[in-house]
Amino acid sequence: MSGEALQAWWHWAQGIIPAPERESGLRELKQFLGAFTALSPLELTLRRFPAQICLKLSLAELQERWQRRWQERVPLQYLIGTVHWHDLELVVAPGVLIPRPETEELLEVVAATVPPGQQQGHWLDLGTGSGAIAIGLARLFPAAFVHAVDCSPEALEIAHLNIEKHRLGDRVQCYVGNWFAPIAHLQGQVQGIVSNPPYIPTGLVATLQPEVQYHEPRLALDGGADGLQAIRQIVQTAPKYLQPQGWLFIELMATQGAAVAALAMATQAYERVEILRDLSGHDRFLLAQRI
Ligand SMILES: C[S@@+](CC[C@H](N)C(=O)[O-])C[C@H]1O[C@@H](n2cnc3c(N)ncnc32)[C@H](O)[C@@H]1O
């Protein structure tokens with residue numbers, strides 16, 4: 001398409017961004033066009049387009065997707081099909097949660113906590129979704145083997161794509177099923193477990209922003225009446241799977257810190273239980289080490 005036609009398209013695209021979201025919407029517009037053209041961030045910021053621009057999809061399709069962003073509130077990442085997370089580019093689609101910045105921090109907590117002597121062996125990513133944690137872990141610990149579990153076959157399809165994309169098929173294995181069920185053979189052998197399970201209380205799901213509540217999988221969000229259904233199961237079952245001194249790291253909701261620490265303590269299976277804060281200062285992660 002010509003640079004002139006793109007200027008006209010930009011004008012239209014900018015016009016359908018709701019006024020209160022103009023600033024963030026413009027940032028998204030640059031990201032959106034950047035994903036489907038070879039235009040540089042500078043060209044997009046200055047709106048200096050070359051005479052001819054090659055589009056990776058038809059103008060009609062581009063238009064339709066941008067309309068869906070604002071009329072249906074489809075998250076930008078689903079429209080683009082990828083997300084930058086940690087140091088990775090991951091494929092995402094409506095069957096998987098879009099990995100969040102807090103989960104990047106979870107991986108940083110793991111990196112800062114686990115000593116070199118424990119960075120190998122079997123590691124688990126429970127509720128792998130797009131495979132973000134599993135891939136991050138495998139890259140962080142090059143001598144580890146990562147088992148990635150999810151009960152959603154749609155999510156595992158995407159996880160698989162991402163694992164192949166990062167050439168980790170020899171060190172990350174996917175399993176479909178309910179938390180520990182598909183990996184029962186690993187009891188007592190696991191060096192560490194990392195999980196970002198669903199933790200939103202059912203009653204709060206309807207209060208989430210439309211992008212999340214209408215488009216991200218409910219299975220990835222809904223943590224049952226108190227939000228702790230999955231966390232409870234993981235905290236209570238993990239000791240059976242962990243080796244002595246093995247690690248458990250779980251992401252949680254800001255208000256759940258005390259309850260999750262109490263759950264871990266009540267098992268009497270962990271010698272160390274800590275709730276760590278995220279960069280915004282909210283309780284966000286459980287760190288527990290098995291006796
Ligand atoms: C909050 S998402 C996390 C996805 C990914 N790990 C991330 O951090 O972006 C939770 C994931 O747990 C999965 N899940 C929910 N219930 C499950 C269960 N009973 N057994 C296994 N996985 C489950 C969902 O399908 C979803 O992919």
Side-chain angles (χ1 to χ4, degrees), residues 75 77-78 82-110 123-140 146-163 166 168 172-184 186 192-202 204-205 208-209 211-213 215-238 241 248-254 256 260 278 284-286:
Q77 296 88 339
Y78 288 157
T82 55
V83 63
H84 289 277
W85 181 86
H86 207 252
D87 56 347
L88 307 168
E89 187 188 69
L90 298 168
V91 172
V92 287
V96 283
L97 187 95
I98 298 161
R100 303 292 204 269
E102 292 88 332
T103 315
E104 297 178 318
E105 286 184 55
L106 174 63
L107 210 57
E108 297 300 332
V109 167
V110 176
W123 280 77
L124 310 183
D125 170 12
L126 297 180
T128 195
S130 61
I133 293 175
I135 294 168
L137 264 179
R139 286 162 57 99
L140 192 62
V146 183
H147 305 266
V149 179
D150 207 291
C151 64
S152 156
E154 293 97 316
L156 280 180
E157 216 173 289
I158 303 286
H160 229 269
L161 269 178
N162 283 318
I163 290 161
H166 292 91
L168 287 167
V172 183
Q173 188 171 349
C174 291
Y175 305 78
V176 67
N178 188 26
W179 303 128
F180 294 90
I183 43 159
L186 291 176
I193 300 171
V194 186
S195 180
N196 173 22
Y199 53 66
I200 314 279
T202 306
L204 289 187
V205 174
L208 300 173
Q209 62 185 103
E211 281 81 351
V212 182
Q213 62 162 308
H215 297 286
E216 297 203 78
R218 192 167 178 113
L219 197 56
L221 305 170
D222 191 340
D226 62 358
L228 297 175
Q229 195 172 294
I231 292 178
R232 193 175 286 115
Q233 199 171 338
I234 294 171
V235 167
Q236 290 173 348
T237 315
Y241 283 79
L248 174 63
F249 299 91
I250 301 183
E251 184 176 321
L252 31 111
M253 203 164 96
Q256 294 169 338
V260 173
D278 61 20
R284 184 64 64 194
F285 311 109
L286 167 75

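The figures that follow rest on heavy atoms only: side chains count, while hydrogens, waters and symmetry mates do not. It should be emphasised that the depicted structure is a prediction, and the values quoted were computed from it without experimental measurement. Start at 1 and go down the list; that is how both ligands and their atoms are numbered.
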Engineer: Please report whether ligand 1 has a polar contact with I133, defined as an N or O pair separated by less than 3.5 Å (distance criterion only).
Structural biologist: no

Engineer: List the closest protein heavy-atom neighbour of atom 5 (C) of ligand 1: residue, atom name, distance to the nearest 0.1 Å.
Structural biologist: T128 O, 3.3 Å

Engineer: Within a strict 4.5 Å, meaning less than it, do heavy atoms of the I133 and V146 side chains meet?
Structural biologist: no

Engineer: For ligand 1, is there an N or O atom under 3.5 Å from any N or O atom of S130?
Structural biologist: no

Engineer: Among all protein heavy atoms in this structure, tell me which lies nearest to atom 18 (C) of ligand 1, with the distance rounded to 0.1 Å.
Structural biologist: W179 CE2, 3.3 Å

Engineer: Counting neighbours of CD on Q229 that are heavy atoms of other residues, nucleotides or ligands and sit closer than 6.0 Å, is the number greater than 12?
Structural biologist: no

Engineer: What protein heavy atom sits nearest atom 10 (C) of ligand 1, and how far away is it?
Structural biologist: N196 O, 3.4 Å

Engineer: Go through ligand 1 atom by atom and flag the ones less than 4.0 Å from a non-hydrogen atom of G177.
Structural biologist: 20 (N), 21 (C)

Engineer: What pair of heavy atoms forms the shortest contact from Q256 to Y199, and how long is it?
Structural biologist: NE2-O, 2.9 Å

Engineer: Heavy atoms, side chains only, cut-off 4.5 Å: are R139 and L88 in contact?
Structural biologist: yes

Engineer: Taking a cutoff of less than 4.0 Å between a non-hydrogen atom of the residue and any ligand atom, is S195 in contact with ligand 1?
Structural biologist: no

Engineer: Give me the ring orientation class for Y175 and H147: parallel if the planes are under 30° apart, tilted from 30 to 60°, perpendicular past 60°.
Structural biologist: tilted

Engineer: What are the two closest heavy atoms between T128 and A134, and how far apart are they?
Structural biologist: OG1-CB, 3.8 Å

Engineer: Considering only non-hydrogen protein atoms, determine which one is nearest to atom 22 (N) of ligand 1 and report residue, atom name and distance to 0.1 Å.
Structural biologist: C151 N, 3.2 Å

Engineer: Applying the side chain to side chain contact (heavy atoms under 4.5 Å, CB included) criterion to F180, which one of V149, L186, L124 satisfies it?
Structural biologist: L124

Engineer: Return the closest protein heavy atom for atom 24 (C) of ligand 1 as residue, atom name and distance.
Structural biologist: D150 OD1, 3.5 Å

Engineer: Just heavy atoms, cut-off under 4.0 Å: does P99 contact ligand 1 by side chain, backbone, both, or neither?
Structural biologist: both

Engineer: For G127 and ligand 1, does the shortest N/O to N/O distance drop below 3.5 Å?
Structural biologist: yes

Engineer: Are any of the side-chain heavy atoms of P99 and V92 separated by less than 4.5 Å?
Structural biologist: yes

Engineer: Please check whether N178 reaches ligand 1 - meaning an N/O of the residue sits under 3.5 Å from an N/O of the ligand, judged on distance alone.
Structural biologist: yes

Engineer: Tell me: protein heavy atom nearest atom 15 (C) of ligand 1, and distance?
Structural biologist: L219 O, 3.3 Å

Engineer: Looking only at protein heavy atoms, which one is nearest to atom 1 (C) of ligand 1, and what is the separation?
Structural biologist: A220 O, 3.0 Å

Engineer: Atom CD of Q213 and atom CG of L204: how far apart are they, to the nearest 0.5 Å?
Structural biologist: 11.0 Å

